[in-house]
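See below for the structure under consideration.
All chains are named by letter (A, B, ...) in the order of the sequence lines, taking the proteins before the strands, and each is independently numbered beginning at 1.
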Protein chains: 2
Amino acid sequence: MGQKRVTIRDIAKMAKVSHMTVSRALNNDPRIREETKKRILELVDKLNYRPDARARTFVSKKSNLIGLVVSDISNPFYAELARGIEDKAHEEGYNVIFCSTDNKPERMETYVHLMMDAGVDAFIFASTRIREPVVEKLIDERFPLVLVNRRLRGEAFNYVVLNNIRGAYEITEHLINLGYRRIAIITGTSNMSTGLDRLKGYQQALKDSRIEFSENYVIQGPFTRGTGYEGTKHLLTMKNRPEAIFGGNDYIAMGVIDAVEELGLHIPEDIALVGFDDTEFASNQRIRLTTVSQRKYEMGNLGVQILIDYIERKETDYTHKIILEPRLIIRESCGQKLREKRKNKLTRGSKVESFSSFDRT
Amino acid sequence: MGQKRVTIRDIAKMAKVSHMTVSRALNNDPRIREETKKRILELVDKLNYRPDARARTFVSKKSNLIGLVVSDISNPFYAELARGIEDKAHEEGYNVIFCSTDNKPERMETYVHLMMDAGVDAFIFASTRIREPVVEKLIDERFPLVLVNRRLRGEAFNYVVLNNIRGAYEITEHLINLGYRRIAIITGTSNMSTGLDRLKGYQQALKDSRIEFSENYVIQGPFTRGTGYEGTKHLLTMKNRPEAIFGGNDYIAMGVIDAVEELGLHIPEDIALVGFDDTEFASNQRIRLTTVSQRKYEMGNLGVQILIDYIERKETDYTHKIILEPRLIIRESCGQKLREKRKNKLTRGSKVESFSSFDRT
DNA sequence: CTGAAAGCGCTTACAG
DNA sequence: CTGAAAGCGCTTACAG
């Protein structure tokens with residue numbers, strides 16, 4: 001650290017050329033004689049020269065830094081998404097800086113500024129609310145960004161999201177086909193597109209099967225284990241308690257299991273359960289949670305691809321809109337007992353992609 | 001994006017001062033009249049001026065960027081560690097860029113260079129092997145860095161790690177106290193300090209209880225669910241099969257559960273199980289895995305603190321060495337049946353900190 | 001308290 | 001194919 005760093009001027013002096021020529025050798029510029037280039041690169045190697053990234057970034061106006069904004073990086077869902085983002089970013093020579101907002105608007109603002117100060121070339125937002133002034137402002141300014149997982153209102157942005165309505169519809173329909181009628185949902189709040197859309201899908205499925213929708217069977221809160229736990233404690237003390245619970249994500253479902261086990265009840269005999277996301281937890285053989293697969297890794301990967309396309313082609317319109325289709329992962333947590341008891345005919349239509357499947361990653 | 005960005009020179013012109021004075025106003029330099037400062041800052045606000053971070057970084061030689069190197073950010077253990085790192089870093093005005101090496105030496109090298117090119121001020125390594133040439137070279141050059149979770153050989157670096165030997169010792173001892181004698185271990189390979197130390201602790205505990213150590217009861221591999229799964233399939237087909245399995249981390253334990261359930265056996269009646277790390281999975285009421293608590297969040301937090309202290313005090317020696325003490329989290333996965341059956345006297349000494357505790361996070 | 005000068009280490013744009 | 005000039009937007013160090 002003590003000694004002065006080697007610059008292109010030092011190399012130039014030793015090679016008896018101008019520093020400009022060294023710069024050319026370093027940047028694969030064709031306007032240089034092969035021989036000169038070779039001589040310079042040998043010197044570069046010998047002196048262990050490394051270009052000053054800060055200077056480069058400064059003059060080229062490109063940091064090759066992508067800012068990733070999630071609600072919580074320690075949530076396995078976002079961690080896996082981050083991995084998908086990271087891998088593609090590195091492949092393209094970009095680095096990723098991240099931050100966790102805990103869904104707090106003020107942290108969203110602070111962090112966006114902090115990342116701007118770090119000089120990011122672009123943003124990936126994975127946890128926006130339906131309205132997010134800071135992000136909407138960036139969009140107005142045409143700052144390169146892509147939304148992943150959750151969407152804002154409107155369509156004026158690039159995004160990669162899951163078809164959450166469809167996913168929720170199908171998993172609810174699956175419960176209905178198994179014979180359940182009193183189906184509760186514990187899901188995210190309606191200021192997030194994911195919370196909202198999953199509720200919509202659930203409602204639509206009930207409607208299409210002419211099952212009456214009841215506000216009493218809807219519990220909304222943050223997508224956390226605690227929400228599932230508290231919600232279940234409440235639901236199970238109702239006079240007309242539900243036969244099945246749809247946890248809006250696997251985290252919530254985990255909390256449902258906590259509560260059910262604590263009460264000494266059994267899944268699916270006493271209460272059926274399904275989740276959403278298909279985390280590692282869900283696939284454990286002791287848990288076997290029926291859930292909806294999200295392809296988080298791919299979602300992150302695609303997000304970066306779109307972003308880089310957008311940056312490098314210097315586009316200004318929003319033509320990258322990807323909606324991934326969900327896949328039902330059927331395991332034992334939603335049970336069959338009721339189906340057998342009631343011999344409900346609706347079941348014949350239910351497609352079982354894999355029963356008790358065990359996808360290790 | 002189209003319009004030219006506002007610079008301090010623009011502000012200077014409008015305020016009829018030199019750009020130097022604007023710089024002072026921006027940097028809380030006391031050598032400026034309050035009145036001038038106020039006038040300038042108003043202009044700054046009005047023109048929506050934001051300093052060019054790239055230029056600042058370039059001249060000040062500080063990027064306020066920390067590079068985090070883990071084996072896999074999508075592993076919940078590292079994700080939580082990352083959160084601890086992120087929070088402290090942001091508090092101190094730093095950003096964090098991360099990469100996942102999958103424990104591959106060549107990726108370690110590639111990514112370290114990529115991050116150097118991004119201009120990081122310092123590194124946090126969470127997944128080094130016992131020998132890691134790239135990292136050892138950085139240490140030789142006195143580049144600011146801290147090791148977290150895993151250590152290199154020797155002592156010539158700053159670190160924050162868990163006392164893994166002690167953790168493994170205590171959890172093995174706990175199994176012994178419950179009456180188990182044939183205890184197998186499935187853990188990480190010995191080229192990682194964590195894998196090595198947990199094996200050491202296990203061996204020492206057996207030795208202190210005069211239980212014969214058998215190579216046949218040791219399975220090593222990556223710290224993954226697959227290792228636990230395959231290992232268990234193997235162990236359970238042995239003629240003298242173990243009564244208990246110590247999974248080197250909760251991921252491995254998860255794989256053990258997969259295998260045990262698949263074989264239609266029960267935990268802890270047929271085979272007792274303990275893990276290591278205390279992940280969310282372990283605390284689920286359906287799993288109730290006895291494990292060792294790691295304080296990952298705190299580990300990350302401390303790592304950053306050490307690092308910033310090191311950077312800002314421009315130290316060159318290694319005086320920051322923190323060894324966190326483990327805490328046994330006792331749940332039902334290791335059972336009591338054997339204890340009751342055998343009425344083993346050894347049990348009286350076992351301290352039970354919490355039985356079936358349920359720490360939601 | 002204020003400013004003119006120099007420079008950080010590169011790249012861009014132009015001239016030969 | 002090579003180079004001299006200019007400049008990116010700031011800060012550091014010095015002079016007033």
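Atoms CD1 (A:I8) and P (C:dC8) sit 12 Å apart, rounded to a whole Å. Across the protein-nucleic acid pair, A:N27 atom CG and D:dT2 atom P stand 15 Å apart, rounded to whole Å. Between the CZ atom of A:R9 and the P atom of C:dC8 there is a distance of 8 Å, rounded to whole Å. When rounded to the nearest whole Å, the span between NZ of B:K13 and P of C:dT2 equals 20 Å.
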Taking distance alone, no hydrogens or angles, what donor-acceptor pairs closer than 3.5 Å link side-chain atoms of residues 294-306 of chain B to residues at least two apart or in another chain?
from: B:Q294; atom 1: NE2; to: B:D277; atom 2: OD1; distance (Å): 2.9
from: B:R295; atom 1: NH1; to: B:E298; atom 2: OE1; distance (Å): 3.2
from: B:K296; atom 1: NZ; to: B:D277; atom 2: O; distance (Å): 2.8
from: B:K296; atom 1: NZ; to: B:D278; atom 2: O; distance (Å): 3.3
from: B:Y297; atom 1: OH; to: B:D87; atom 2: OD2; distance (Å): 2.6
from: B:N301; atom 1: ND2; to: B:G84; atom 2: O; distance (Å): 3.4
from: B:Q305; atom 1: OE1; to: B:K88; atom 2: NZ; distance (Å): 3.4

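The side-chain hydrogen bond (donor to acceptor under 3.5 Å, both in side chains) check on B:R50 picks up A:D117, with sequence neighbours excluded. Partners of A:Y78 according to the ring pair (Phe, Tyr, Trp, His ring centres under 6.0 Å) rule, which considers only residues two or more places apart in sequence or in another chain, do not exist here. Applying the ring pair (Phe, Tyr, Trp, His ring centres under 6.0 Å) test to B:Y94 and every residue at least two apart in sequence or in another chain returns nothing. In this view, B:S100 and A:E86 satisfy the side-chain hydrogen bond (donor to acceptor under 3.5 Å, both in side chains) rule, not counting sequence neighbours. Take A:F77 and apply the ring pair (Phe, Tyr, Trp, His ring centres under 6.0 Å) test, not counting sequence neighbours, and it matches no residue. For A:S74, the side-chain hydrogen bond (donor to acceptor under 3.5 Å, both in side chains) test picks out A:D72, with sequence neighbours left out.
Residues from residues 32-43 of chain B with heavy atoms under 4.0 angstrom of DNA chain D: there are none. Residues of residues 49-58 of chain B having a heavy atom closer than 4.0 Å to DNA chain C, listed by number: B:F58.
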Below 3.5 Å between N/O atoms, which protein atoms pair up with nucleotides 12-16 of chain C? Just atom names and distances, please.
none

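Checking the phosphate oxygens (OP1, OP2) of C:dG3, a side-chain nitrogen or oxygen of B:S18 falls inside 4.0 Å.
Within the structure, the side chain to side chain donor-acceptor pair (under 3.5 Å) test picks out the following pairs touching residues 35-45 of chain A (sequence neighbours left out): A:N28-A:K37.
Looking at B:E132, its side chain does come within 3.5 Å of a backbone N or O of B:R129 through a donor-acceptor pair. Here the side chain of A:N95 pairs no donor or acceptor atom with the backbone of B:I97 at under 3.5 angstrom. No donor-acceptor pair closer than 3.5 Å links the side chain of A:D102 to the backbone N or O of A:K104.
Less than 6.0 angstrom separates the ring centroid of B:Y111 from the ring centroid of A:H90.
Residue B:A126 comes nearest to B:L81 through the heavy atom pair CB-CD2, 3.6 Å, listed as atom of the first residue, atom of the second, then distance.
Secondary-structure stems of DNA chain D, taken as three or more successive Watson-Crick or G-U wobble pairs (i with j, i+1 with j-1) under a 3.5 Å distance threshold, comprise C:1-3 with D:14-16, C:5-12 with D:5-12, C:14-16 with D:1-3.
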